[in-house]
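Computed from a predicted model, the values in this text were never measured in an experiment.
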Amino acid sequence: MKKKLLVPILLAMTFAGGTLIAGCGGAPAANKPADKAAESGKPAASAKPVKLDIIETGSGLPSPDQDIIKQELDKALGTDLNLTVYASGDDYKNQLNVRMSSANFPDLFAVDRQQLKQFTDQGLLLDLTPYLDKLKPVQDFIGADSLKKGMLNGKTYAIAKSPQVPYNTYWIRQDWLDKLNLKVPTTPEEMLEVAKAFTEKDPDGNGKKDTYGLTGGKLGAFDTIFGAYGVGMDGGTPTVYVKDNKVVNSLYDPGMKDALAFIQKMIASGSVDPELLANSGLQHQQKAIKGQAGIVYLDWPNVTKDQFVEQIKAVNPNAKWVQVDALKGPGGKYASAYDIGKAAALYAVPKSLEKNPEKLQKVIDLLNYVSSKDGSLLVQYGVKGKHFNLDGSKVVPTDLMGKEGGYFWLYQFAGRPEMEYLTVKFGPQAKYMEYASKQPHIDGLAGFVDMPNGYNAADATRYIEEEFSKFIYGKRPLSEYDSFLKTLEGSMNYKAYLDAADKRIKELGYVK
């Protein structure tokens, strides 16, 4: 299993946003080929602005008259961009389904992998394969691996954003370690001992037994424990990876039972947040900030951004959180699995647009432009000379970027050079993001796999979570683990998913 350094985001927490095509310019004539200027991301002007209707998830978009990015893109491309964002993912899916079913198609829109397959099967998406030559700037920007993420049956139906980077690590209270004369844990066993000490030895010195060792977001709190046993889990969810040149599903990894047994031991010790599986949103973050837990599995922005640093200091000015390296265990040293097949976003174009070549060309122009040097700088940092300046090739942000740039990511339809971007936007946090991104990870590949017909992923996921809860809380003996797998394969039709994953990963060449 290889340790691969991935370079991809930010939650919009967080960090995200991404989409489809950018900038072949050129005249909008239906059959005029893209010229040199277009291919470089510099489209030719159009006499009358072409309106493009774009929808995605997000928040914070200002009104058009206050939207400097829209205005600059319109000026560069000869467009009238009408971007609509939905804060709720469920709301967005509902709105998109209504529009697709009523043939009121947006010109560019975000889809997840399931929607990509659904709309492709319904014949609603434009096959972008014949247009890839025109989309050369996009291809160069996102890379060959990202291009695969938008493919179905050998054809490209969506443009994936450029790759992101891992954000999560364990964080631990260094001041608590110092008080108890302990060191940062390096193995699962040391992690357990520290967690027990944080629970039993009054690390905050208030004379009360009101702290515990570990908290996190549900099963994801144990990602690094699984990693120490060589098992790839991604946010507490099983994934698919290659091990010894074979496709392996987390549930069938030889290290899984031992990992579950160790986690069961941790929970039985009383050192784990008793409400762990009930934690939702950022409840685990708040518990850590309030001093209720001394170890938390969390992304760096939700610990080190200024507002959270202030919250931490308000509770205890002496609190000091530090990142923990991946734990070394019997299966190796991995922080978690990180899904290199999962796109930060996928952007699709409706098939109906092939009947409107002028508008289709403008969509291509847009995607190519935000993939070009000037266009990418615009959608990352704003207007040069206003929101940022260049010192050679180094981007130097102005105060105005911080004040006005909170929504710029909504226009990053092809993504961004992740580490460069994060370093500029979050300079004081650079060392934390670099630490997280350089952790050893198992390359998860589940993002490449489409759900086969007859397989209900939601039901299977729910069953896995329920049974895992029973295993780690001692309510079901691990001797019944194989029986759990048989039920999953049979009643839940998980065998169909296993077969689909094996076939897909081999097709993509990850097994030699």
Student: Given the side-chain rings of Trp321 and Tyr432, with only the six-membered ring counted for Trp, is the space between their centroids under 6.0 Å?
Tutor: no
Student: What closest approach, in Å, do Asn82 and Lys51 show between heavy atoms, and which atom pair accounts for it?
Tutor: CB-CE, 3.9 Å
Student: Go through the side-chain N and O atoms of Asn279 and Asp273 and say whether any donor and acceptor fall under 3.5 Å apart.
Tutor: yes
Student: Atom NE2 of His387 and atom CZ of Phe408: how far apart are they, to the nearest 0.5 Å?
Tutor: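 CZ of Phe408 is found 4.0 Å from NE2 of His387.
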Student: When you look at NZ of Lys313, are more than 12 heavy atoms from neighbouring residues, nucleotides or ligands closer to it than 6.0 Å?
Tutor: yes
Student: Considering residues, nucleotides and ligands other than Lys328, do more than 12 of their heavy atoms fall under 6.0 Å from its NZ?
Tutor: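 Not more than 12 within 6.0 Å, no.
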Student: How far apart are the closest heavy atoms of Tyr157 and Leu152, and which atoms are they?
Tutor: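 Closest heavy-atom pair between Tyr157 and Leu152: CE1-O, 3.8 Å.
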Student: Write down the atom of Asp325, the atom of Tyr435, and the distance for their closest heavy-atom approach.
Tutor: N-OH, 3.1 Å
Student: Report yes if some heavy atom in the side chain of Ile172 is under 4.5 Å from a heavy atom in the side chain of Pro185; otherwise report no.
Tutor: yes
Student: Looking only at heavy atoms, what is the nearest atom pair of Ala436 and His441, with distance?
Tutor: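 Scanning both residues completely, I find the closest heavy atoms to be O-CE1, 3.7 Å.
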Student: To the nearest 0.5 angstrom, please state how far the CD atom of Glu275 sits from the NZ atom of Lys287.
Tutor: 4.0 Å
Student: So how far is it from Gln380 CD to Gln412 CD, rounded to the nearest 0.5 Å?
Tutor: 6.0 Å
Student: For the pair Lys403 and Asp399, find out whether any cationic side-chain nitrogen is under 4.0 Å from an anionic carboxylate oxygen.
Tutor: no
Student: Would you please test Val85 and Thr57 for side-chain contact (heavy atoms from CB on, under 4.5 Å) and show each step?
Tutor: CA-CA 5 Å; Val85 298; Thr57 55; over 6 Å; no
Student: Strictly distance-based, threshold 3.5 Å: is any side-chain N or O of Asp175 a donor or acceptor partner for the main-chain N or O of Lys320?
Tutor: yes
Student: Can you confirm whether the side chains of Gln174 and Asp178 place a donor and an acceptor under 3.5 Å from each other?
Tutor: yes
Student: Is it the case that the side chain of Asp391 and the backbone of Lys394 share a donor-acceptor pair, with hydrogens and angles ignored and the cut-off at 3.5 Å?
Tutor: no
Student: Counting only heavy atoms not in Glu420, do more than 12 fall under 6.0 Å of its CD?
Tutor: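 No, the 6.0 Å shell around CD holds no more than 12 heavy atoms from other groups.
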Student: For Leu132, is there any backbone N or O sitting under 3.5 Å from a side-chain donor or acceptor partner on Gln139?
Tutor: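 Yes; judged by distance alone, with no hydrogens or angles, the pair exists.
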Student: Mind checking whether Glu358 and Val50 have side chains closer than 4.5 Å, heavy atoms only?
Tutor: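 The answer is yes; the side chains approach within 4.5 Å.
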Student: Looking at Asp234, Ile442, Asp339, which one forms a side chain to side chain contact (heavy atoms under 4.5 Å, CB included) with Tyr241?
Tutor: Ile442
Student: Just wondering, are more than 12 heavy atoms of other shown residues or ligands nearer than 6.0 Å to CG in Asn153?
Tutor: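 At most 12 heavy atoms, drawn from other residues, nucleotides or ligands, come within 6.0 Å of this atom.
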Student: Under a 4.5 Å cut-off applied to non-hydrogen side-chain atoms, are Leu410 and Glu56 in contact?
Tutor: yes
Student: Any non-hydrogen side-chain atom of Tyr407 less than 4.5 Å from a side-chain atom of Leu83?
Tutor: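 No, too far: nothing below the 4.5 Å cut-off.
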Student: Step by step, work out the side-chain contact (heavy atoms from CB on, under 4.5 Å) result for Gln118 and Leu124.
Tutor: CA-CA 9 Å; Gln118 173 191 338; Leu124 299 177; over 6 Å; no
Student: Taking C-beta and beyond as the side chain, do Leu81 and Asp67 meet within less than 4.5 Å on heavy atoms?
Tutor: no
Student: Thinking salt bridges, do Arg173 and Asp204 make one under a 4.0 Å N-O criterion?
Tutor: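 Here Arg173 does not pair with Asp204 in a salt bridge, since their nearest N and O are not under 4.0 Å apart.
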Student: Mark yes or no for whether Thr215, through its side chain, and Val296, through its backbone, hold a donor-acceptor pair below 3.5 Å.
Tutor: no
Student: So Val383 and Ile68, do their side chains get closer than 4.5 Å, heavy atoms only?
Tutor: yes
Student: Tyr510 vs Phe448 aromatic rings, parallel, tilted or perpendicular, using cut-offs 30° and 60°?
Tutor: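 It falls in the tilted class, 30° to 60°.
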Student: Please confirm whether the backbone N or O of Lys373 pairs with a side-chain atom of Ser376, one donor and one acceptor, at under 3.5 Å?
Tutor: no
Student: Of all the heavy-atom pairs spanning Pro350 and Asp107, show the shortest one and how long it is.
Tutor: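 The answer is CD-O, 3.5 Å.
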Student: Donor-acceptor pair, Tyr92 side chain versus Ala110 backbone, under 3.5 Å?
Tutor: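 It does hold such a pair.
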Student: Is the backbone N or O of Asn168 less than 3.5 Å from a side-chain atom of Asp299, with the two atoms forming a donor-acceptor pair by type?
Tutor: no
Student: Between Tyr170 and Ala221 (side chain of the first, backbone of the second, donor and acceptor by atom type, cut-off under 3.5 Å), is there such a pair?
Tutor: yes
Student: Once you round to the nearest 0.5 Å, how far does CZ of Arg504 lie from CG of Asp450?
Tutor: 6.0 Å
Student: Does the pair Lys384/Asp374 count as a salt bridge with the N-to-O cut at 4.0 Å?
Tutor: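 Salt bridge between Lys384 and Asp374, a charged N being under 4.0 Å from a carboxylate O: no.
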Student: State whether the number of non-hydrogen atoms from other residues, nucleotides or ligands found under 6.0 Å of Gln114 atom CD is greater than 12.
Tutor: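 Result for CD/Gln114: open.
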Student: Within a strict 4.5 Å, meaning less than it, do heavy atoms of the Trp176 and Val194 side chains meet?
Tutor: no
Student: Is there a side-chain contact (heavy atoms from CB on, under 4.5 Å) between Val315 and Gln311? Walk through the geometry before answering.
Tutor: CA-CA 7 Å; Val315 175; Gln311 288 181 33; 6.0 Å; no
Student: Is it true that a side-chain atom of Thr169 and a backbone atom of Val324 form a donor plus acceptor pair closer than 3.5 Å?
Tutor: no
Student: Do Trp300 and Phe426 have ring centroids that are under 6.0 Å from one another?
Tutor: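 Yes.
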Student: Check whether more than 12 heavy atoms from other residues, nucleotides or ligands sit under 6.0 Å from atom NZ of Lys351, and answer yes or no.
Tutor: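 No - once you tally the heavy atoms of other residues, nucleotides and ligands closer than 6.0 Å, there are 12 at most.
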Student: What pair of heavy atoms forms the shortest contact from Ile55 to Arg99, and how long is it?
Tutor: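 Taking Ile55 first and Arg99 second, the nearest heavy atoms are CG2-NH1, 3.8 Å.
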Student: How about Asp65: does its CG atom have over 12 heavy atoms from other parts shown lying under 6.0 Å from it?
Tutor: yes
Student: State whether the side chain of Thr461 and the backbone N or O of Ala458 hold a donor-acceptor pair below 3.5 Å, judged by distance alone.
Tutor: no
Student: Going from OH on Tyr297 to OG on Ser336, what distance comes out if it is rounded to the nearest 0.5 angstrom?
Tutor: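 One gets 4.0 Å once the value is rounded to the nearest 0.5 Å.
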Student: Just wondering, do Met100 and Gln122 contact through their side chains at under 4.5 Å, heavy atoms?
Tutor: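 No; the side chains remain at least 4.5 Å from each other.
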Student: Between Ser88 and Asp90, do the side chains contain a donor N or O and an acceptor N or O under 3.5 Å apart?
Tutor: no
Student: Roughly how far apart are Lys75 NZ and Glu72 CD, rounded to 0.5 Å?
Tutor: 4.0 Å
Student: Dump the intermediate steps for side-chain contact (heavy atoms from CB on, under 4.5 Å) on Lys93 and Gln115, then the final yes or no.
Tutor: CA-CA 9 Å; Lys93 285 186 177 183; Gln115 291 168 315; 3.5 Å; yes
Student: Between Thr129 and Asp127, is there a side-chain donor-acceptor contact under 3.5 Å, judged purely by atom types and distance?
Tutor: yes
